[in-house]
Amino acid sequence: MMSNILKATKLDFALMKQYTKSILFTIFFPIFFTLLNRSMLFGISFAMCFSSATSSYTFSICEANNMERFYGILPIKRSEFVLGRYLLIILQGVLTITVSIILQLLALRIVGENVQMHQITSAFLTGIFLYSTYTAFLIPGFYKYGSIKGRVFLFFPTLGFLATLFILPKLSLKIPAVSIALNSPAVLFAVVFVSIVIMYFISMCISVRITEHKEI
Amino acid sequence: MSNYLEVKDLSKSFGNFHLKNINFTLPKGYIMGLIGPNGSGKTTTIKLILNMLKRDEGEIKIFGLDNIGDEQKIKYDLGVVFDSSYFCGEWRITQVRNTMSDFYPSWDTGRFSEFLRRFRIPQEKKVKELSRGMQMKLMLASAFAHRPKLLILDEPTGGLDPVSRDELLQLLSEYIEDGEHSVLFSTHVTGDLERVADYITYINDGQLFFSGGKDEFMDMFRIVKGGTYELTPLLSEKALGIRKFSTGFEALVKTQDLAGFPSLCAEPASIDEIIVFTNKRGENDE
């Protein structure tokens, strides 16, 4: 099964190649935000938000080329295609955050900004959490409604994220556990990691269910 | 296993369209033409065979295996061509080759290159830069390159010029020569079928009209012609379709009913004529 998932990932990667420039843009452009605000948190958040929006590309290409028929003839299960696409999107996220952090660190160093470890950690955690939340919401939407209509799902995580930004500081004052989590990198790492795993798991289950019932 | 494809009591409904109780069998080593007017259910049947659409009722067996339960296993031995390209338009031929070879263990790059040369497909171009005919040929080359046991072609000759069509038909005849391969071939160009098909399955308005040997199908019907006065109520009743003119008429009748009309001039009917008359399009008074 694993080898089929990797084949599906490779196929999706072959579709994405034509968008290499756009994907690089999502990595390089946010450096300006970082330099403007002298904060990695802004730059990384922007980079990961932009990058999550590019998760629609494989869906758009398939729609534009009527490629669902191609996926339909290949000797591989629909669930494996879905998992292959998730794997590519997760790999893209890992690559984007790694390259973005390195580039933005370099950019800040060049302008003489001293970046602390906790700033890198919070930028990293915020970045991967944002990316995972966006993509976990978006992908089932794309499978269900296609790449254009599915974009409305982009608003849900945005609203959720903004709400969290407002609610968290208030909660941390009232609930000690929240305050501990926010101030302890280890706990924060664990919370973010578990949340991401749960979000992707639910998202994958929904996407697999949608595609298995879908008629091409 | 002597049958490569068995379709039993297949039914599917969506919206106002109903495909009802479709039954046919394609034995190993033969070509079957799937015919019918637009919207009759040919592509739906093919998509049901490929499990792209979910059947409401019935059973489909390919190589003796269930088309849903053993889908992956079956698809290794299936070659499929649709009426328009399913490859990414931005891909070059090398990308098509790389992708296909990843999924099919039996993929033969030499054979693929041979077909590219035979079809004169320019290898440096992107898929979207190829003409529709060339895109069809590319799908055919890909389908042939992994040596499938069963080829399923949905309107493959639509974008081909007469020379390429002739070449494809020749290729299909060669392909089944060893008795180990079969072809299910849906088409509007029924002249192609008269040349290569061994079996015909005719679907009209979602219902099976006929499935069996091509010769049996063509022997079943005759076109009768006569003057207006010869169009009797009995003939109107027996006729499957009538085309009336100011001076006379043409009608499609079953060969077995011919004996009742000895005075009429009877001719063999082409597949096209059978489709036209049985689809009620023959009823155009002039």
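When reading the values below, keep in mind they use all heavy atoms of this one structure, side chains included, and skip hydrogens, waters and symmetry mates. The chains referred to below are lettered A, B, ... by the order of the sequence lines, with proteins before strands, and numbering in each begins at 1.
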Can you tell me which portion of [X] sits under 4.5 Å from chain B's heavy atoms? Options are side chain, backbone, both or neither.
{"X": "I73(A)", "result": "both"}
{"X": "K17(A)", "result": "side chain"}
{"X": "A64(A)", "result": "neither"}

Checklist entry - With a 4.5 Å limit on heavy-atom distance, are the side chains of Y86(B) and N65(A) in contact? => result no
Item to check | Non-hydrogen side-chain atoms of F70(A) and M100(B) separated by less than 4.5 Å | outcome: yes
Can you confirm whether [X] is buried at [atom1], in the sense that more than 12 heavy atoms of other residues, nucleotides or ligands lie under 6.0 Å from that atom?
{"X": "Y175(B)", "atom1": "OH", "answer": "yes"}
{"X": "F17(B)", "atom1": "CZ", "answer": "yes"}
{"X": "R132(B)", "atom1": "CZ", "answer": "yes"}
{"X": "F119(B)", "atom1": "CZ", "answer": "yes"}
{"X": "F32(A)", "atom1": "CZ", "answer": "no"}
{"X": "K8(B)", "atom1": "NZ", "answer": "no"}

Item to check | Gap separating the CE atom of M16(A) from the CD atom of E90(B), nearest 0.5 angstrom | outcome: 14.0 Å
Item to check | NZ on K7(A) to OH on Y104(B), rounded to 0.5 Å | outcome: 10.5 Å
Please state whether the side chain, the backbone, both or neither of [X] comes within less than 4.5 Å of a heavy atom of chain A.
{"X": "K126(B)", "result": "neither"}
{"X": "F87(B)", "result": "both"}
{"X": "S84(B)", "result": "both"}

Next on the checklist: Which label fits F103(B) and F81(A): parallel for a plane angle under 30°, tilted from 30 to 60°, or perpendicular past 60°?
Outcome noted: tilted
Next on the checklist: Looking at every non-hydrogen atom in both residues, tell me the closest pair between P75(A) and Q72(B) and how far apart they are.
Outcome noted: O-CG, 3.2 Å
Next on the checklist: I'd like to verify something: which residue of L15(A), N66(A), L74(A), I61(A) has the highest number of heavy-atom pairs under 4.5 Å with chain B?
Outcome noted: L74(A)
Next on the checklist: So if I take each residue of residues 47-57 of chain B and look for any heavy atom under 4.5 Å from a heavy atom in chain A, which residues do I end up with?
Outcome noted: K47(B), L50(B), N51(B), M52(B), L53(B), K54(B)
Next on the checklist: Which residues pass the side chain to side chain donor-acceptor pair (under 3.5 Å) test with K10(A), not counting sequence neighbours?
Outcome noted: D102(B)
Checklist outcome for this item: Checking heavy-atom separations under 4.5 Å from chain B, one finds in residues 88-101 of chain A none
Checklist entry - Do any of residues 194-212 of chain A come closer than 4.5 Å to chain B, heavy atom to heavy atom, and if so which ones, in number order? => result E212(A)
Checklist entry - Within the distance-only criterion (no hydrogens, no angle test), does the side chain of R69(A) pair as donor or acceptor with the backbone N or O of V81(B) below 3.5 angstrom? => result no
